[in-house]
Visitor: 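Encoded as structure tokens, here's the structure I'll be asking about.
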Amino acid sequence: MDSILVTGGKPLRGEIAIAGAKNAALTLMPATLLSDEPLTLTNTPRLSDIKTMTALLQSLGAEVSALADGKVMAMSSHGLNSTRADYEIVRKMRASNLVLGPLLAREGHAIVSLPGGCAIGARPMDIHIAAFEAMGAIIDLKDGYLHATTQGGLKGGVVKLRFASVGATENVLMAATLAKGTTIIENAAREPEIVDLATCLRAMGAQIEGDGTSRIEIQGVDRLHGATHPVVTDRIELGTYMLAPVIAGGEVECLGGKLSLVESFVEKLTEAGITVEETDRGLKVRCDGGRPKAVNVTTEPFPGFPTDLQAQMMAMLCFAEGTSVLEEKIFENRFMHAPELIRMGAKIDVHGGTATVHGVEKMKGAPVMATDLRASVSLILAGLAAEGETQVNRVYHLDRGYEHVEEKLGAVGAQIERIKGQ
Ligand code: UD1
């Protein structure tokens with residue numbers, strides 16, 4: 001398995017182009033199942049999760065081709081021949097459950113493996129199941145698979161989510177475009193990836209209002225047609241690279257970045273004394289060498305501080321002046337990077353969902369283990385400022401969510417290389 005070797009102490013200067021959002025692409029790709037006409041996505045990130053979704057869609061009979069070096073995905077589901085999402089693919093990536101809504105809507109039935117837990121938490125599917133039941137689906141669990149059927153198709157209705165789940169909102173939104181009548185999603189998630197999905201679905205002929213708010217109204221239509229849609233900028237990759245110069249020192253402009261995607265995150269950077277400037281090309285972050293100030297952070301659904309930036313923020317707070325308290329409210333087990341950061345000299349106490357970070361002036365490079373996607377990159381960020389070498393092992397998680405991380409950071413002056421595994 002590959003590892004990444006970072007030698008700390010090099011200030012960063014230059015620009016980093018931010019890719020299309022992994023989490024948007026992973027819900028836009030299954031949207032192809034809703035139509036028998038082609039759907040083309042541009043600005044797709046080149047990631048292993050995208051390959052997993054490609055394999056899943058192909059296993060259902062869809063045609064999926066990566067063009068322009070993987071930046072364009074051309075898809076067509078006119079030859080759909082299966083409604084079964086197999087455990088072998090679903091277990092690799094939880095977002096595989098996003099085929100359930102489109103399959104149910106188009107075919108009236110689907111068999112989708114339960115994804116199982118993952119390192120960061122149990123991650124059940126109850127909100128998705130309750131939502132489809134509210135739309136008339138009958139769902140049984142057999143042999144680890146959800147067997148979903150409908151009598152004469154999905155029906156619109158009021159779907160009230162007990163929690164604003166991103167995946168459940170996306171699954172229901174896709175399904176409701178072809179359901180009979182009007183569906184109202186109450187307590188809907190408001191993430192930019194949902195607005196991006198709704199924008200794409202509208203381009204395919206769907207009738208949707210209210211995306212980006214907690215109440216989305218969808219008027220079902222008989223069929224959707226083809227479309228071409230650009231994937232929204234990855235706000236998590238953006239936030240990650242915005243933290244790099246804060247930790248390593250220097251100035252980096254993140255091309256394609258927009259304040260509206262990362263407002264709550266930028267508020268915290270500003271509170272920590274960091275200057276963020278919106279330019280006509282993106283977001284520029286400058287750090288003049290002083291340590292950032294400690295800040296308290298609580299993760300929340302959008303527009304709150306994103307859980308997917310919590311590990312990276314912790315890496316920064318390890319070097320801050322003072323004590324910060326990080327509260328993780330979305331996932332029950334998302335501090336696995338803390339023990340690894342402690343191996344590098346960080347001072348962190350974890351109690352349940354709360355981590356107290358006592359900032360230190362210096363950390364030291366060490367061999368560390370990547371436990372999940374965002375944890376991996378937080379260790380790379382810490383390595384940028386730690387003295388000596390940090391070797392981040394088991395980086396396959398990283399490749400699920402960050403394209404060419406060593407090239408992007410290397411181009412702005414970081415000393416970073418990939419060591420190929422056996
Ligand atoms: C998506 C993102 C992920 C991000 C998360 C929260 C994708 C592909 N992934 O994941 O990167 O960290 O949003 O912003 O977009 N829950 C239940 N029952 C359910 C569904 C969810 O209890 O049926 C719980 C989860 O266990 C978790 C919380 O709700 O504790 C949030 O999950 P959710 O918003 O659904 O996240 P995902 O869509 O899986």
Side-chain angles (χ1 to χ4, degrees), residues 20-31 44-45 47-50 52-53 56 90 92-101 112 114-134 139 141 146 148 159-174 185 187-197 214 231-232 234-240 261-262 264-265 298-313 327-336 352-353 372-378 397-398 400-402:
K22 166 182 88 78
N23 287 351
L26 289 177
T27 185
L28 291 162
M29 290 177 73
T44 345
L47 303 168
S48 63
D49 270 7
I50 299 296
T52 305
M53 185 55 85
L56 176 58
V90 177
K92 291 189 192 159
M93 185 181 70
R94 183 182 160 82
S96 304
N97 65 38
L98 292 168
V99 300
L100 176 58
V112 176
L114 268 184
C118 70
I120 61 175
R123 307 185 82 174
M125 285 281 290
D126 60 305
I127 303 176
H128 301 243
I129 295 169
F132 288 126
E133 285 175 346
I139 303 186
L141 176 64
L146 293 175
V159 175
K160 187 167 171 49
L161 307 182
R162 77 165 166 82
F163 175 82
S165 154
V166 175
T169 303
E170 292 166 345
N171 235 337
V172 175
L173 177 57
M174 287 188 278
I185 311 178
N187 197 26
R190 292 177 279 168
E191 270 67 2
E193 293 75 24
I194 287 163
V195 176
D196 200 38
L197 173 63
S214 328
V231 179
V232 68
D234 196 319
R235 65 198 164 95
I236 306 302
E237 192 196 29
L238 171 64
T240 302
L261 292 172
V262 281
S264 57
F265 168 73
T298 302
T299 63
E300 282 165 7
F302 192 86
F305 191 97
T307 174
D308 286 352
L309 282 174
Q310 178 260 105
Q312 301 89 313
M313 192 69 175
E327 274 191 82
E328 174 54 60
K329 296 264 196 195
I330 308 292
F331 292 107
E332 63 271 25
N333 187 26
R334 210 175 194 183
F335 284 137
M336 282 165 309
D372 67 68
L373 169 53
R374 306 303 170 186
S376 327
V377 85
S378 75
H397 290 292
L398 188 76
R400 289 187 40 215
Y402 289 90

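First listed ligand is number 1; within each ligand, the first listed atom is number 1.
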Visitor: Which value, rounded to the nearest 0.5 Å, describes the distance between Leu141 atom CG and Met125 atom CE?
Guide: 10.5 Å

Visitor: Please work out, at 4.0 Å between heavy atoms, whether the side chain, the backbone, both, or neither of Arg334 comes within that distance of ligand 1.
Guide: side chain

Visitor: Given Asn97, Thr299, Asp126, Val166, which one has a non-hydrogen atom that is nearest to atom 33 (P) of ligand 1?
Guide: Val166

Visitor: Who are the side-chain hydrogen bond (donor to acceptor under 3.5 Å, both in side chains) partners of Arg190, not counting sequence neighbours?
Guide: none

Visitor: Looking at CG of Leu398 and CZ of Arg374, how far apart are the two atoms once the value is rounded to the nearest 0.5 Å?
Guide: 9.5 Å

Visitor: Backbone, side chain, both or neither: what part of Glu193 comes under 4.0 angstrom of ligand 1, heavy atoms only?
Guide: neither

Visitor: Just verifying a value: how many Å separate Asp126 CG and Leu161 CG, rounded to the nearest 0.5 Å?
Guide: 10.5 Å

Visitor: Ignoring hydrogens and angles, state whether a donor on the side chain of His128 or Asn171 is under 3.5 Å from an acceptor on the partner side chain.
Guide: yes

Visitor: Test your reading of the model: is there a side-chain donor-acceptor pair from Asp49 to the backbone of Leu26, 3.5 Å cut-off?
Guide: no

Visitor: Counting only heavy atoms, tell me which of Asp308, Ile129, Thr27 gets closest to atom 3 (C) of ligand 1.
Guide: Asp308

Visitor: Answer yes or no: does an N/O atom from Leu26 fall short of 3.5 Å to an N/O atom of ligand 1?
Guide: no

Visitor: Relative to the heavy atoms of Ala95, which atoms of ligand 1 are at a distance of less than 4.0 Å?
Guide: 8 (C)

Visitor: Are the charged groups of Arg235 and Asp308 less than 4.0 angstrom apart, N to O?
Guide: no

Visitor: Could you name the option among Ile127, Asn333, Asp372 that has the heavy atom nearest to atom 16 (N) of ligand 1?
Guide: Ile127

Visitor: Short list, please: which atoms of ligand 1 are under 4.0 Å from a heavy atom of Arg162?
Guide: 17 (C), 18 (N), 22 (O)

Visitor: In ligand 1, which numbered atoms sit nearer than 4.0 Å to a non-hydrogen atom of Arg94?
Guide: 20 (C), 39 (O)

Visitor: Using a 4.0 Å cut-off to any heavy atom of Thr307, which atoms of ligand 1 qualify?
Guide: 6 (C), 12 (O), 14 (O)

Visitor: Looking at Thr299 and Thr307, would you say the former's side chain and the latter's main chain have a donor-acceptor pair under 3.5 Å?
Guide: no

Visitor: For the 3.5 Å polar cut-off, considering only N or O atoms, please tell me whether Asn23 and ligand 1 meet it.
Guide: yes

Visitor: Using a 4.0 Å cutoff against the non-hydrogen atoms of Gly167, which atoms of ligand 1 qualify?
Guide: 35 (O), 38 (O)

Visitor: Got a sec, which residues hit side-chain hydrogen bond (donor to acceptor under 3.5 Å, both in side chains) with Gln310, two or more places apart in sequence or on another chain?
Guide: Glu328, His337

Visitor: One residue to check: His128. Relative to ligand 1, which of side chain, backbone, both or neither has a non-hydrogen atom less than 4.0 Å away?
Guide: both

Visitor: With backbone taken as N, CA, C and O and side chain as the heavy atoms from C-beta onward, which portion of Ser165 lies under 4.0 Å from ligand 1: side chain, backbone, both, or neither?
Guide: both

Visitor: Any idea which part of Phe163 is under 4.0 Å from ligand 1, heavy-atom wise: side chain, backbone, both or neither?
Guide: side chain

Visitor: Does ligand 1 have an atom that lies less than 4.0 angstrom from a heavy atom of Pro124?
Guide: yes

Visitor: Could you grab the distance from atom CD1 of Ile127 to atom OG of Ser165, nearest 0.5 Å is fine?
Guide: 5.0 Å

